[in-house]
*Asks:* 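Dumping the structure here so I can ask a few things about it.
Position 1 is the first residue of the sequence; numbering continues from there. If you're wondering where the values come from, they're calculated on a predicted model, not measured in any experiment. In listed order, ligands and their atoms are each counted from 1. Values reported hereafter were calculated over all heavy atoms of this structure, with side chains retained and with hydrogens, waters and symmetry mates removed.
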Amino acid sequence: MAQGLIEVERKFLPGPGTEERLQELGGTLEYRVTFRDTYYDTSELSLMQADHWLRRREDSGWELKCPGAAGVLGPHTEYKELTAEPTIVAQLCKVLGADGLGAGDVAAVLGPLGLQEVASFVTKRSAWKLVLLEADEEEPQLRVDLDTADFGYAVGEVEALVHEEAEVPTALEKIHRLSSMLGVPAQETAPAKLIVYLQRFRPQDYQRLLEVNSSRERPQETEDPDHCLG
Ligand SMILES: Cc1ncc(C[n+]2csc(CCOP(=O)(O)OP(=O)(O)OP(=O)(O)O)c2C)c(N)n1
Ligand SMILES: [Mg+2]
C-alpha cells in the first residue's frame with residue numbers, strides 16, 4: 001500500500017442477507033482471508049486516548065491509524081494509515097512526547113516507548129469489491145469487508161481509500177449511497193472489533209477510553225496539532 005492513504009469507512013452490523021444483497025448490487029467477492037491483529041499501547045492507553053491505533057497484522061506488518069481531518073459529521077470515520085516503519089516511529093514519538101529514538105524499526109522502539117500488547121485476535125474476512133456506478137464515474141472504488149472475529153463479533157465496513165482530503169466528500173457520498181442500498185439504517189454505527197474486545201476482556205481499559213471519548217470533542221479547525229505526519 002502507498003504511504004499515508006486516507007481510509008474513509010462506515011461500519012455496520014451485517015445480517016444473514018448481506019452477501020446476497022452485495023451480489024445483487026453487482027459486487028464481487030475478491031478473496032477470503034484469515035489474519036491475526038495484535039494492538040499495542042502504553043499501560044495508560046496513551047495512543048488510543050489520542051485516537052491513534054498501532055497494530056501488527058501477521059504477514060502484513062505494522063500499521064498506525066491516526067485521525068484524519070475533522071469536520072464532516074456522521075456515522076463514518078476517517079483515518080490516515082501509516083505503514084512505513086520510520087514514519088510510524090516518528091509519529092509515535094510525536095504523540096508520546098519522546099525524542100531521540102531515531103527512525104528505525106517499530107519493534108525496536110516498543111520497549112523504550114513503553115508499548116505493550118493490549119489485544120490480539122483473529123479475524124475471518126470476506127472482501128468484496130463494488131463498482132456502483134455508471135461507466136464514466138470516477139474513483140474511488142468502494143470495498144466492503146465482512147469480518148468475524150474469533151471472540152464471536154461480526155461487523156461490516158463500507159470503505160474507500162483515497163489519496164487526499166479533497167477526495168473525501170465524494171468518497172463519503174458513495175459510502176452513504178451504498179450503505180443505504182445495503183439496507184443499513186441511516187444513523188447506524190457499529191463498534192470496531194478492537195473496541196468490543198476491550199469491552200469484553202479489558203473492561204477497565206474500555207471504561208477509560210469511554211471517559212476520554214465522552215469528554216473530548218474532535219477539533220474542527222484544520223490545524224490540528226495531533227494530526228499525522230505526512
Ligand atoms: C465507529 C468507530 N469506529 C472506529 C473508531 C476508531 N477505532 C477504534 S478501533 C480502531 C483500530 C481498528 O480499526 P478497524 O477499522 O476496526 O480495523 P480493521 O477493520 O480490522 O482493519 P482494516 O483492515 O480496515 O485496516 C479504530 C481506528 C471509532 N472511534 N469509532
Ligand atoms: Mg477497517
Side-chain angles (χ1 to χ4, degrees), residues 1-14 30-41 45 47-70 72-83 88 91 95 117-129 140 142-151 153-162 171-172 175-176 179 184-202 205-206 208-218 226-228:
M1 186 191 291
Q3 189 53 32
L5 284 174
I6 301 169
E7 176 195 52
V8 189
E9 72 170 34
R10 164 149 188 208
K11 293 192 192 316
F12 65 96
L13 295 173
E30 277 213 299
Y31 55 86
R32 291 187 198 273
V33 67
T34 300
F35 51 83
R36 173 175 287 280
D37 285 328
T38 304
Y39 285 87
Y40 292 80
D41 209 330
L45 303 187
L47 292 178
M48 295 184 194
Q49 294 197 28
D51 204 12
H52 281 62
W53 311 84
L54 175 66
R55 72 162 181 234
R56 190 168 52 78
R57 179 164 289 176
E58 226 167 56
D59 299 328
S60 35
W62 290 97
E63 181 176 291
L64 180 66
K65 290 188 200 249
C66 37
V72 190
L73 297 174
H76 62 273
T77 59
E78 184 186 331
Y79 285 90
K80 194 158 203 177
E81 297 185 329
L82 304 182
T83 53
I88 292 176
Q91 183 70 14
V95 175
E117 192 176 313
V118 291
S120 187
F121 53 85
V122 171
T123 296
K124 286 188 177 168
R125 167 170 293 177
S126 53
W128 294 73
K129 192 174 70 177
L142 294 180
R143 313 190 49 86
V144 177
D145 291 335
L146 301 179
D147 288 355
T148 304
D150 60 1
F151 51 92
Y153 174 62
V155 65
E157 305 178 348
V158 182
E159 129 178 343
L161 286 173
V162 300
L172 269 178
I175 287 171
H176 291 316
S179 302
V184 178
Q187 290 307 314
E188 178 179 287
T189 58
K193 299 179 292 291
L194 173 62
I195 300 300
V196 175
Y197 179 100
L198 295 175
Q199 185 178 21
R200 290 191 191 172
F201 305 114
R202 299 182 67 127
D205 285 341
Y206 174 73
R208 188 187 292 217
L209 275 185
L210 272 193
E211 281 155 21
V212 171
N213 278 329
S214 58
S215 64
R216 178 180 61 200
E217 278 198 68
R218 289 276 294 272
D226 283 339
H227 262 188
C228 279

*Asks:* Given a heavy-atom cut-off of 4.0 Å, could you list the residues near ligand 1 in chain and number order?
*Replies:* Glu7, Glu9, Lys11, Asp37, Tyr39, Trp53, Arg55, Arg57, Glu63, Lys65, Thr77, Tyr79, Glu81, Arg125, Glu157, Glu159, Ala190, Ala192, Lys193, Leu194, Ile195
*Asks:* Which atom names give the shortest non-hydrogen contact between Arg10 and Pro185, and what distance separates them?
*Replies:* NH2-O, 2.8 Å
*Asks:* Which N/O/S atom belongs to Glu9 and is the closest one to the Mg ion (ligand 2)?
*Replies:* OE1
*Asks:* Before we go on, tell me: are the rings of Trp128 and Tyr31 under 6.0 Å apart, centre to centre?
*Replies:* no
*Asks:* Any Lys/Arg nitrogen of Arg143 or Glu30 sitting under 4.0 Å from an Asp/Glu carboxylate oxygen of the other?
*Replies:* yes
*Asks:* Quick check for you: to the nearest 0.5 Å, what is the distance between Glu7 atom CD and Glu159 atom CD?
*Replies:* 4.5 Å
*Asks:* Are any of the side-chain nitrogens in Glu58 or Arg56 under 4.0 Å away from the carboxylate oxygens of its partner?
*Replies:* no
*Asks:* Give, for atom CZ of Arg55 and atom OG1 of Thr38, the distance between the pair rounded to the nearest 0.5 Å.
*Replies:* 10.5 Å
*Asks:* Would one find an N, O or S atom of Asp145, in either backbone or side chain, under 2.8 Å from the Mg ion (ligand 2)?
*Replies:* no
*Asks:* A side-chain contact here means heavy atoms from C-beta on lying under 4.5 Å apart; do Gln199 and Pro191 qualify?
*Replies:* no
